[in-house]
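Encoded as structure tokens, the structure appears first; notes follow it.
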Amino acid sequence: MTTIIPTDHNVEVNGLNIHYLDWGGPSNRNLLLVHGQGGNAHNWDHIARELRDEFRVIAIDQRGHGDSSHTWDGYGVADFGRDLAVFVEKVGIAPCDYVGASLGARNGIAYAGDHSDHLKHFVCLDYGPEMSVASARNQISGMNKRLLGYRSIEEYVEIQLQGNPRPGADYYRNQAEHGLRLNYAGKYVAKSDPDMFWINGSFGVREVPYLWEQWDKIACPIMEMKGGESDFLSDEIKGRMIEAQPSMTWVDVPDSGHGITGDNPDFLIRELRAFFVD
């Protein structure tokens, strides 16, 4: 069986080098996959392989992640949104179907609010215009406790499996091989910019009103997929999202926490295929 390998590309976007993977595919339908905080384009490898016969699949490294540039200008959600708009135009994939996981969903809201004409469908994975207070506290606490580095990729895999065994060792190994780098001290550390941490605190809270404004403006079909065991989206946030976008599709994902792509990818793929038919 032939292993399908994407091609690596780079494009200048708003003065930054942005890396992306092009999975090719025979279709004239374009699918853009956008990772979460601390992630990278390879987070989608297992999803892209399943969908590349139906779409031309593009997976991006957002600013500050993967093999894209870090920036001292920071990581405001409007900046991420502008990156996505320029990227889609430069790569020439509009109109496209968009799937954003966590931070990729958050940034996608900023993008879609101003550029719904770029999008055929917009899918958010376990994120909305804001996260619940409980989840925000858990995020900050969890990041403060996270190891600074790992002695080996296998140590990383073992620790991740202890926290959540659902995705499996191969999934975590792929994340490590593309999301970690070997530093001068001989430790495997995250490629992503540690300055991203501040998105989770008061800085991110200040962006919430803007994100609700952008959410209200989205004018393409929307699907929100919430991890059944995730606390990111409270009932109050869910109600407000649906009130603003009454035609949206809401899906609760069984056997999944926040990381839907790893926890229940088969369910995710089935729902995406069904939603993209319209």
*asked:* Can you confirm whether the side chains of His65 and Asn40 place a donor and an acceptor under 3.5 Å from each other?
replied: no

_Residues, nucleotides or ligands: over 12 heavy atoms within 6.0 Å of Arg166 CZ_ = yes

*Within a reach of under 6.0 Å around CG of Asp117, are more than 12 heavy atoms found that belong to other residues, nucleotides or ligands?*
yes

*Applying side chain to side chain contact (heavy atoms under 4.5 Å, CB included), run through Trp23 and Phe55 and close with a yes or a no.*
CA-CA 9 Å; Trp23 287 85; Phe55 300 88; over 6 Å; no

*Gap separating the CG atom of Asp193 from the OG atom of Ser68, nearest 0.5 angstrom*: 12.0 Å

*Ignoring hydrogens and angles, tell me if any N or O in the side chain of Glu12 forms a donor-acceptor pair with the backbone of Ile18 under 3.5 Å.*
no

*asked:* We want to know whether Thr7 and Asp22 form a side-chain donor-acceptor pair, criterion being a heavy-atom distance below 3.5 angstrom.
replied: no

_ILVMFWY cluster, Leu180 and Val189 together (side-chain gap under 4.5 Å)_ = no

_Distance alone, cut at 3.5 Å: any donor-acceptor contact between the side chains of Asp8 and His19?_
yes

*So, Asn264 and Asp255: side-chain donor and acceptor under 3.5 Å apart, yes or no?*
no

*Taking atom types as modelled, find out whether Asp263 and Asn164 have a side-chain donor-acceptor pair closer than 3.5 angstrom.*
yes

*Validation row, ring centre Tyr111 to ring centre Phe80 under 6.0 Å*: no

Please tabulate, one pair per line, all N/O donor-acceptor pairs under 3.5 Å involving side-chain atoms of residues 241-250, not counting sequence neighbours.
{"unit_1": "Gln245", "atom_1": "NE2", "unit_2": "Trp215", "atom_2": "O", "d": "2.7"}
{"unit_1": "Gln245", "atom_1": "NE2", "unit_2": "Ile218", "atom_2": "O", "d": "3.0"}
{"unit_1": "Trp250", "atom_1": "NE1", "unit_2": "Asp252", "atom_2": "OD1", "d": "3.2"}

*Please determine which of Gln37, Arg63, Arg82, Gln62 meets the side chain to side chain donor-acceptor pair (under 3.5 Å) test together with Asn107.*
Gln62

*Would you say Ser192's side chain and Gly64's backbone share a donor-acceptor pair under 3.5 angstrom?*
no

*Would you please test Leu211 and Arg106 for side chain to side chain contact (heavy atoms under 4.5 Å, CB included) and show each step?*
CA-CA 8 Å; Leu211 282 162; Arg106 184 177 189 266; 3.7 Å; yes

